[in-house]
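Before any comments, here is the structure.
Chain letters run A, B, ... following the sequence lines, proteins first, then strands; residues in each count from 1.
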Number of protein chains: 2
Amino acid sequence: MLGLSKKSDYALLALSYLATNGESRTVRTREIAERFAIPAELLAKVMQRLAKMGWLASSPGPSGGYTLAVSDTSITVGDVVRAVDGGSALTQCMHSPEGSDCEQWANCTIRGPLGFVNERVQDVLNHIPIRDIRERATPASAESELVSIVVPDHSAPAAVRAGASRSHNEGDTP
Amino acid sequence: MLGLSKKSDYALLALSYLATNGESRTVRTREIAERFAIPAELLAKVMQRLAKMGWLASSPGPSGGYTLAVSDTSITVGDVVRAVDGGSALTQCMHSPEGSDCEQWANCTIRGPLGFVNERVQDVLNHIPIRDIRERATPASAESELVSIVVPDHSAPAAVRAGASRSHNEGDTP
DNA sequence: CTAATGCCGACCAATGAGGTCGGAGACCTG
DNA sequence: CAGGTCTCCGACCTCATTGGTCGGCATTAG
Ligand code: FES
Ligand code: FES
């Protein structure tokens, strides 16, 4: 469905919480889970993976928990999604350079162009540090200067404009 | 896993084939299926949905098949994904404006920023017409002028640069 | 009429996401 | 120092979604 998994969602939620509300204290998984009303055990698993990535420092025992081990500007949402969700490419064929994954590598005609699209999406994801994923909505830094997409009119007549603008967020959930 | 579904992949494949190789003749589903070595029945289902969207004209009977009914610049990959895959938003909460879908709408702190990221991704997808998804790799139009992402150095030190560049396409498939 | 094609719905199988369990180690109490 | 408790940790399980299949019906060229 081209969407973040719950795990990625939880990971971003937790990281944002740690970056904002956990200056230099250990935060228990339970605390975050209750704060956001999400299953604690599943979040625990996510936290483990984040810890294994080296982004969180864990300390067991009572008064234990997790602490953000790196700067909140050194991880991007792309990194998080890739780590916790297992790859964030649009198609399989973009993981391995020699098409060992994708079946129709041999006679696929859209690999090149799609790869380009993929890179653009990855660029977007890779340039939003988790610092910008915080309580504040639409962070000023990102809004104004971080990422801006320039799209000249190209060869697209009226139809494209209509279709593109209509379809920003419009979902049919039958 | 944040990736296009097979159905979207097939749809793009078929549309690209029709745009390139089906100037003004009816193309059978079987032909496309065999060309790309994909299951014919599933592709048929995808074709039906594309036809129902009005993008393909269908004609039953012998010597029947499909024809591209609209200009190859009036549909974008965003449109295709959205139609065939059912919504292309990063999270559920971005479909409905009042959080009727997402559970933790009430105490979610990342909705705003993530929504912004979502819009950027959607922008990318909505500005690539299927004309640019063709046999040619990395179409010149898209490469040079269509979409360009400008990202000034912002507040991100060396770590971000390293992380971002490292993680373009690198998948761990355990 | 007959054959070839699209059209439609129901059906089945496998993958993986979401969720759960019991353990191992570290702090705290006495 | 010993026990209890609280935490992380890794393996396990279940089920919804996706990918894929089948058969029957309508439509049209030959
Ligand atoms: S879809 Fe994998 S090579 Fe085209
Ligand atoms: S994830 Fe849906 S509201 Fe935040």
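Rounded to an integer number of Å, the gap from CD1 of B/Ile38 to P of D/dG20 is 9 Å. We find that CD of A/Glu31 is positioned 15 Å from C1' of D/dC6, with the value rounded to whole Å. Remark: P of D/dC9 and CG of A/Leu43 are 13 Å apart, rounded to the nearest angstrom. A/Leu42 places its CG atom 14 Å from the C1' atom of D/dG10, with the value rounded to the nearest Å. The CD1 atom of A/Ile32 sits 13 Å away from the P atom of D/dT7 (whole-angstrom rounding). One interatomic measurement links the two molecules: CZ of A/Arg49 to C1' of D/dC9, which rounds to 13 Å at whole-angstrom precision. Counting to the nearest Å, the C1' atom of C/dT15 and the NZ atom of B/Lys7 are 15 Å from each other. Across the protein-nucleic acid pair, B/Leu4 atom CG and D/dG19 atom C1' stand 15 Å apart, rounded to whole Å.
Comparing D/dG19, C/dG18, D/dT21 by their nearest atom to the side chain of B/Glu41 picks out D/dT21.
Other residues, nucleotides and ligands place no more than 12 heavy atoms under 6.0 Å from the CZ atom of B/Arg49.
Partners of A/Asp72 according to the side chain to side chain donor-acceptor pair (under 3.5 Å) rule, which considers only residues two or more places apart in sequence or in another chain, do not exist here. Applying the salt bridge (charged side-chain N to carboxylate O under 4.0 Å, His left out) criterion to B/Glu31, with sequence neighbours excluded, gives B/Arg25. In this view, A/Ala14 and A/Ile32, A/Met47 satisfy the side-chain contact (heavy atoms from CB on, under 4.5 Å) rule, not counting sequence neighbours. Here A/Thr26 pairs with A/Ser59, A/Thr67 under the side-chain contact (heavy atoms from CB on, under 4.5 Å) rule; sequence neighbours left out.
Listed by first then second residue, pairs satisfying ring-ring contact (aromatic ring centres under 6.0 Å, His included) with a partner in residues 25-54 of chain B read B/Tyr17-B/Phe36, not counting sequence neighbours.
A close approach under 4.0 Å does occur between a side-chain nitrogen or oxygen of B/Tyr10 and OP1 or OP2 of D/dG20.
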Contact list (N/O, under 3.5 angstrom) for nucleotides 3-13 of chain C vs protein:
unit_1 : atom_1 : unit_2  : atom_2 : d
C/dT5  : OP1    : B/Arg28 : NH1    : 3.0
C/dT5  : O4'    : B/Gly61 : O      : 3.4
C/dT5  : O2     : B/Gly61 : N      : 3.4
C/dG6  : OP1    : B/Thr29 : N      : 2.8
C/dG6  : OP1    : B/Thr29 : OG1    : 3.3
C/dC7  : OP1    : B/Ser58 : OG     : 2.5
C/dC7  : OP2    : B/Tyr66 : OH     : 2.1

